[in-house]
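One is the number of the first residue; the rest follow in order along the sequence.
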Amino acid sequence: MKILNIIPLAALLAASPISAQEQELLTDYVDTSIGTGGHGHVFMGASVPFGMVQLGPTSIPTTWDWCSGYHDSDSTVIGFSHTHLEGTGIGDLFDVTLMPVMGDVTYARGTEDQPGSGLWSYAERSKQVSVPGYYSVPLTRNGILAELTATNRVGVHRYTFPKGKDAAIVIDLQNGGCWDSTTGTEMKAVGNNRIEGYRYSKGWANNQRVYFVAEFSRPFKSFELKGPKDMYGRVNFGKTKEGEQILVKVAISPVSIEGAAANLNAEMPGWDFDSTVDKASKEWNRELARIKVKTDNQNDLTKFYTAMYHSMIVPATFSDVNGYYRGADDKVYHNPDMTAYTIYSLWDTYRAEMPLLSIINPDRNKDMINNMVAIADEQGRLPVWHLWGNETNCMVGNPGIIPVADAIVKNQPGIDRRKAYKALLKTAADTARGGALREQYGYIPSDKMVESIAFDMEYAIADGAIARAAEAMGDTANVRKFTERSHSYRNYFDPTTGFVRGKMADGSMRTPFDPNSANHRADDYCEGNAWQYTWLVPQDLDGLVNLFGSREETLKKLDLLFNTSSELRGEDVSPDISGLIGQYAHGNEPSHHAIYFYTMLGEPDKAADRVRQVLDEFYTINPDGLAGNEDAGQMSAWYILSSLGFYQVEPASGRYWFGAPIFDVAEIEVPAGKFTVKALNNSPENKYIRKVTLNGKPYDKMYIMHDELMKGGELVFEMGK
C-alpha cells in the first residue's frame, strides 16, 4: 500500500499547530520528502538542528532502503522511534519505539502479509504532514492520529484517540533498525504517570546504550510487561472519549536514567505541545537563515533549503544538559564547556559537510573538533565512523584526521591546536587497517589486503592534510614527511593504461584489468572503480598531472571521465556507484571534487558546465531527488557550496575553488557579520564566470580563501555566455 502527500508548511499554517510568523519562513521551502525514495535513506520525522532525538515513524522492512526506518514506497508503521540515522548505507538505532493501540495486540514487529501479526498499522499518507520540527499521520488500524515534535533531547508525542475501550501506548524495546538487535532492557513504572528504563543493543554500534524517562499527560490505570523477555511495556488508559488526546514526553540519554530525567526537566517541564512545535520551527528557521539566497526559481529555493535542512540533522548531540556524555571507552565523562556529538560519517562529511560548518557554524564546528580530539584520547585515535559512542571502523582511510587538520589550518577559535595536532600524528602512526603494510612497502599491496587502493589513497589524502597542518604549526620536518607520504598513491598509477591499478607485493600490476569493473567491497577499490579512484588525489593534482605527462593529457583524460560509457561490469556491482555522467559518479563521495579539477587546471568553463548539470539533474524536488545516499549531510553540503559558487577541493587547504553560482544573491552569516555572493547577469545560458571582484576591487584568482570569507565582504561574479 502506498499513499504519499507531504504537505508544505505554507498550506498548513491555519490547520496545523504551527503559528504564522512574520513574513517568509525559510522552513516553507523545505520539502522533507526529498530523498525518501530511491536510495536517499533520509530521516522522516521531527527533530531540531543537530538534536539527540530524531523522532519519527519506523516501518516493518529492515532491508537496505529502510536504513532510516522510512521509505516512500511503504506506508507501514510499527511505531515512532526516538533515534534514526540520516542517509546512511547501514541501518541501526530506532531506539525506544512508542505505538498507540486499542484492544489486544500481538507484541512483535509483524509482517505486512499478515494483518494483526504485530503492533503495526498502515499510515494514511494522503493526510501526512511533515515540516521541520513537526510530523503527523493518521494510523488506519485504530483511527488514531499521531503527532510528533521534539526538543534536543526530548521527543514529544500527541495521540488523538477515537471513542473506545482499552486504549494503550506500547513501549517497544525489542525492535531496532536493520542490523540492530537488543541485548538488554529494563522498564518500570514510577508512580502512575512515568516509566523509566533502558535499551542496550548491538549492531553496527557494538555496545549501544539508551536510557529513557517517559511521562504521560494523564495517569495510567496500569503498566504491564509483555512479549518476549518483557521487552514491551503496555501503558493502559482504559476507556477514551472521541477525540481524547494523550501526550507523552520521552527524554533519552546515553549516560543514565538520571541524565534522561535531567534532560526532561530542563527541556520539557510542561505539556504545551503547540508551543514546542513553534520553538522547533523557530530553531530551524534560525539555522536555515545562516545562508539567505535570492532567486526567482522556486525549485532552486526548495532544493537549497531542503539541502540546508538535511545538512543539519546530524552529527547528533551526544551529551546531556548537565555536560555528561559516554566516551568511546564506555566511560562517563563530564565537560560542561563542550557539547559532545555522535553519528560522525567522516569518510563522507570531511569533503563538504565539515567545511560548510566551518564557515556557517564555527561554534558548533569547534565543539565537534574538540569532541573528535577527546575521542582520540579515549580510544587511542581519531574517529573513523562513530555511532553512539562506538567506533564502527566503517569505510576506509583516516577520515577523522582531515576535519581536525582543517580546523588547525583555518585557526578555528576555541580549539587547542597543539593537542589537536598531536591527535593527528598519533592517528597517522596507527598500524591497524593496513597501516603496517603501508609502512613496510610504501603502499598497501593489493594481494595483501582487500580495498588496498581505496585505503591507501584515503590515507594519502589524510597525510596531505597533516602536511598542511604541520605547515600551519611550523613543523617543517613533518611537512616534508607527510607530503612524501601523501604521494603513496603514485605506486598504483599504471602509465600504460592511465589508471590506478592494483599493485602486488612483488611490484607487479593486477591482471586482468578492467577500469569499468566494480565488485562491492571485494576488489581493490571501495564503492568505486579505476575510473573514479584515478582522480582521488585532491591533495596532489600537480603530481597527477606529472603522471599523465602534461596538463593537456590530464584534461583529455578528465574529459573522457565524463564522456565515456557509463557501463559498470562485475559480479556484484556496488549500488553506491550512482548518479553517473560517463564514469563520474555523483552518488558517491570519491568523485565529489573531480569537477573542480577543471577550474584548477585552467578550464573553469568546463567546471561550470558540469556543476550546473549536476545541480539540475541529480538534485530534484522528487522523493527520489538524490543521486545516492544522503550520507549524513554530505550530498546536501555539496549542493549548498556548489550552488553558492565554490567548493573546497584540497583537504585542509582553506581554499575554495570557483564553479558556477546559481543564485543572484547569497548572504552568508559569518562571525564578522555577512559575506555576500552576487552573480550578475546570471541565467541557465550565462553560467560562466567572466569577471570577479572582491569588495569592489578586481580579483584575479579562481578561488577564495577561508579567512577572506570569515572577514565578511562582497564577492561579485559577472556571468556570461
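Listed here is the closest heavy atom pair of Ala262 and Asn322: CB-ND2, 4.1 Å. Taking every heavy atom of both residues into account, Arg351 and Pro590 meet most closely at NH1-CA, 4.0 Å. Residues Trp385 and Ser345 approach most closely at NE1-OG, 3.1 Å, considering heavy atoms. Glu527 approaches Ile577 most closely through the heavy-atom pair O-CG1, 3.6 Å. Residues Pro445 and Tyr443 share a closest heavy-atom pair of CD-O, 3.3 Å. Closest of all the heavy-atom pairs between Trp64 and Gly89 is NE1-O, 3.0 Å.
Panel note: side chain Gln634, backbone Glu589; no donor-acceptor pair is recorded below 3.5 Å. Side chain of Asp447 to backbone of Ala505: a donor-acceptor contact under 3.5 angstrom is found. The closest donor-acceptor contact from the side chain of Asn519 to the backbone of Asp572 lies under 3.5 Å. Although no hydrogens or angles enter the test, the distance criterion places a donor-acceptor pair under 3.5 Å between the side chain of Ser319 and the main chain of Ala340.
Under a cut-off of 6.0 angstrom, the local environment of NZ in Lys422 is sparse, with at most 12 non-hydrogen atoms contributed by other residues, nucleotides or ligands. Within 6.0 Å of atom CZ in Phe618, more than 12 heavy atoms from other residues, nucleotides or ligands are found, so the atom counts as buried in its surroundings.
Using modelled atom types, one finds no donor on one side chain facing an acceptor on the other under 3.5 Å when comparing Arg433 with Asn398.
Tyr647 and Tyr596 have their aromatic ring centers within a separation under 6.0 angstrom.
No side-chain heavy atom of Thr392 sits under 4.5 Å from any side-chain heavy atom of His386.
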